[in-house]
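Sequential numbering from 1 along the given sequence is applied to the chain's residues.
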Amino acid sequence: MRTPPVVIGAGHNGLTAAFYLAKAGLKPLVLERRPVVGGAATTEEIAPGYSCPTLAHAIGPLRPSVVRDMQLERHGVTFVRPDPRLVAIAPDGRPLAFSIDHARTAEAIRAVSSKDANRYQDFCATMTRLGTFLSGLMESTPPSLDAPGRGELWELLKVGRRFRALGKVDGFRLLRWGPMAAADLVAEWFEADLVQGAIAARGIFGTAQGPWSAGTAAVLLLNAAIDPAPGGSSITVIGGPGALTRAMASAAEAAGAEIRTGVGVSRVLVRDSHISGVALDNGTEIQASAIISNADPRRTFLDLVDPVDLDPSFTTKVRNYRCPGTVAKINLALGGLPVFRGVVNPADLHGRIHIGPSIDYLERAFDASKYGSISSEPYLDMALPTLNDPSLAPPGKHVLSIHVQFAPYRLAAGQRWETAGETLYSSVMRTLDRHAPGIEALVEHRQVITPLDLEHTYGLTGGHIFHGEPSLDQLFTMRPILGWSQYRTPIAGLFLCGAGTHPGGGITGGPGQNAAREILQQLK
Ligand SMILES: Cc1cc2nc3c(=O)[nH]c(=O)nc-3n(C[C@H](O)[C@H](O)[C@H](O)COP(=O)(O)OP(=O)(O)OC[C@H]3O[C@@H](n4cnc5c(N)ncnc54)[C@H](O)[C@@H]3O)c2cc1C
């Protein structure tokens, strides 16, 4: 019997890749070190009776072809698309709701600036056009730089044609905006602090960059390729992200994959420059016809591969791949629904809740992290999943999922994450109390997840939520490393399929789907 391909990790990208390999008849074996599937997309009990999205709380969104091919709805997924998607909380108590309906959002913006209100729909339409162009690039495999094949040249020609079809104005915009700072881009369109802060935040979410960092406009544009609406996605599923990845596992199994949890891989075994199998944490060895790593690039090459199996110059490039993160996560079990300043209709809280009311606020929050400090006034992106799915907590109670930026993985001398969790929690609660007075009195239980926990417990090297910084030098043909963006690696039979590959992080299934396509072509 043919040895199966082994997928290291059952994150949503590993599950997506496993599904497509299984559908092609390859019967992959998925090995996941944690007791549950899903990686960064899980829902876990944080206290008896309270379940919360452990890490990610909004779904990418997933690529529609992945949802369709995996028949996720038939595997039990019920998507929820809250409206408004996002509510930006303001210091003066006048929140701004970003509705699914752009005209309604424009009218809401009129309360802070009629100039911004008049430009909003044009901005949305521009983001949709540029996002549509970029989404084509995200679905394709970046071309080889050394020796592009005939098929790749044809694809490049098609990209060139689609770029020309954008027209001069949008084409120039794309070229000019990419390297810019998100702060500059939003200032070209909008004047009100609250509008600027809410829209620019998409350029820095999950990154080690502030809104004035060059290249953050590119992150904003890439997010527009996933979902062009300025508020970003607040899509969730009943049961939280864990229900989604359990359904993805079920789809992969139905197609012929085998999934084992609680099984960590300790080594990729290589013989004569070709993989031969994997060694497990318990010492067992499993033969493999191919290995597809859903672990991040640094973990794959620096922890799982023996250095003697890699060229030292390649190892140096991997060491230079930047992935120190700046995100922490706090999950709260609350005795009741918190009241946010100015939010009169609780329905406005069904999407994400944004605290980052201006460019200056976001940049100051980032500043602290540059010097290894936890922000005293962090940028917070939150969700109250119990509003969309009350089964996640006892009746009348809630869970609050808080994405905290900036909390740098590398703390300044004298501080350690082993003891800094309390400082982080106090800073978040102080910030929250300004916007939701009295919230601390509602807290019944808390879960504080530091960047070090992201690394140790969830396997994210450097605590980076996207498996590596989405900066201009680590995107497209350079993700993860220049010359190695086609999911192959210098070791024959070893492939990557996680967020550290093109098109990057977020719960989209993009890297897993693209990788499976390339792997199947290689294995043919
Ligand atoms: C705090 C946080 C908040 C986020 N918020 C959002 C959000 O709101 N919206 C959004 O779209 N995205 C969000 N993201 C990003 C998104 O969740 C990730 O980009 C995405 O889930 C990555 O998926 P993946 O399958 O590539 O990798 P992962 O989910 O990291 O999965 C990798 C898997 O490999 C396993 N693994 C690693 N090493 C081994 C080994 N040696 N042996 C066996 N198994 C191994 C890991 O345990 C893990 O299960 C967030 C991420 C975090 C951490």
Side-chain angles (χ1 to χ4, degrees), residues 6-18 30-34 37-42 54-56 60 205-208 219 245 264-268 278 281 291-307 310 314-329 408-410 449-471 473-476 478-482 484-491 494-512 514-515 519:
V6 165
V7 179
I8 305 175
H12 86 284
N13 279 315
L15 294 169
T16 304
V30 183
L31 304 173
E32 168 56 50
R33 60 190 271 280
R34 292 202 65 225
V37 299
T42 55
T54 319
L55 303 175
F205 180 89
T207 75
V219 181
T245 45
V265 170
S266 58
R267 231 344 150 232
V268 168
V278 290
D281 289 344
I291 297 173
I292 298 102
S293 177
N294 182 197
D296 64 73
R298 280 178 74 107
R299 184 165 297 263
T300 303
F301 294 118
L302 303 181
D303 294 352
L304 301 183
V305 174
D306 191 324
L310 287 170
F314 180 81
T315 309
T316 304
K317 287 177 191 155
V318 177
R319 285 191 201 289
N320 289 339
Y321 177 73
R322 283 172 291 109
C323 66
T326 58
V327 172
K329 184 78 203 295
Y409 172 76
R410 289 199 187 114
I449 300 171
T450 69
L452 199 65
D453 298 326
L454 289 179
E455 179 170 77
H456 289 172
T457 310
Y458 304 97
L460 299 161
T461 306
H464 204 297
I465 76 163
F466 296 141
H467 289 198
E469 193 62 13
S471 47
D473 60 320
Q474 296 192 163
L475 288 174
F476 198 48
M478 291 179 277
R479 192 160 187 90
I481 282 161
L482 187 64
W484 296 101
S485 59
Q486 299 189 316
Y487 312 96
R488 279 181 270 125
T489 72
I491 299 173
L494 175 64
F495 302 89
L496 299 178
C497 74
T501 63
H502 173 75
I507 306 172
T508 64
N514 285 7
I519 294 163

Would you call Leu310 and Val305 a side-chain contact if the rule is heavy atoms closer than 4.5 Å? yes
Heavy atoms only: give me the nearest Trp484-Phe314 pair and the separation to one decimal. CD1-CE1, 3.5 Å
Steps toward side chain to side chain contact (heavy atoms under 4.5 Å, CB included) verdict (Leu55, Leu454): CA-CA 9 Å; Leu55 303 175; Leu454 289 179; 3.5 Å; yes
Can you spot which of Leu31, Thr300, Ile291 makes a side chain to side chain contact (heavy atoms under 4.5 Å, CB included) with Ile8? Ile291
Are the side chain of Thr489 and the backbone N or O of Leu494 linked by a donor-acceptor pair below 3.5 Å? yes
For Thr501, which of Asp296, Leu496, Asn294 qualifies under side chain to side chain contact (heavy atoms under 4.5 Å, CB included)? Leu496
Can a donor-acceptor pair be found, under 3.5 Å and without considering hydrogens, that links the side chain of Arg299 to the backbone of Gly459? yes
Are Leu302 and Arg319 packed together at the side-chain level, in the sense that at least one heavy-atom pair is separated by less than 4.5 angstrom? yes
Quick one: does Gln474's side chain have a donor or acceptor within less than 3.5 Å of a partner on Arg322's backbone? yes
Just by distance, do the side chain of Asn320 and the backbone of Lys317 share a donor-acceptor pair under 3.5 Å? no
Between OH on residue Tyr409 and OG1 on residue Thr461, distance to nearest 0.5 Å: 8.0 Å
I need the Tyr487 OH to Cys497 SG distance, nearest 0.5 Å. 10.0 Å
Aromatic ring proximity Phe301/Tyr321, centre distance under 6.0 Å: no
Taking every heavy atom of Val30 against every heavy atom of Ala10, the minimum-distance pair comes out as CG1-CB, 3.8 Å
Do Thr16 and Asn13 have side-chain atoms, one donor and one acceptor, less than 3.5 Å apart? no
A side-chain contact here means heavy atoms from C-beta on lying under 4.5 Å apart; do Arg33 and Val265 qualify? no
Sub-4.5 Å side-chain heavy-atom contact between Pro470 and His464: yes
Quick one: does any side-chain atom of Arg479 pair with a main-chain N or O of Gly468 as donor and acceptor, under 3.5 Å? yes
Around atom CZ of Arg34, are there more than 12 heavy atoms of other residues, nucleotides or ligands at under 6.0 Å? yes
Correct closest heavy-atom pair for Asp473 and Ser471 would be OD1-OG, 2.6 Å
Angle class for the His502/Phe476 ring planes (parallel below 30°, perpendicular above 60°, tilted otherwise)? perpendicular
Does any part of the side chain of Thr326, heavy atoms only, come nearer than 4.5 Å to the side chain of Thr207, both counted from C-beta? no
Exam field: side chain His467 to backbone Gly504, donor-acceptor pair closer than 3.5 Å: no
Does the side chain of Arg267 come within less than 4.5 Å of Val278's, by heavy atoms? no
Could you tell me whether the side chain of Pro503 reaches within less than 4.5 Å of the side chain of Pro511, counting heavy atoms only? yes
What one should report as the nearest heavy-atom pair of Asp281 and Ser266 is OD1-CB, 3.3 Å
At their closest point, which heavy atom of Ile507 faces which heavy atom of Ala41, and how far apart are they? CD1-CB, 3.8 Å
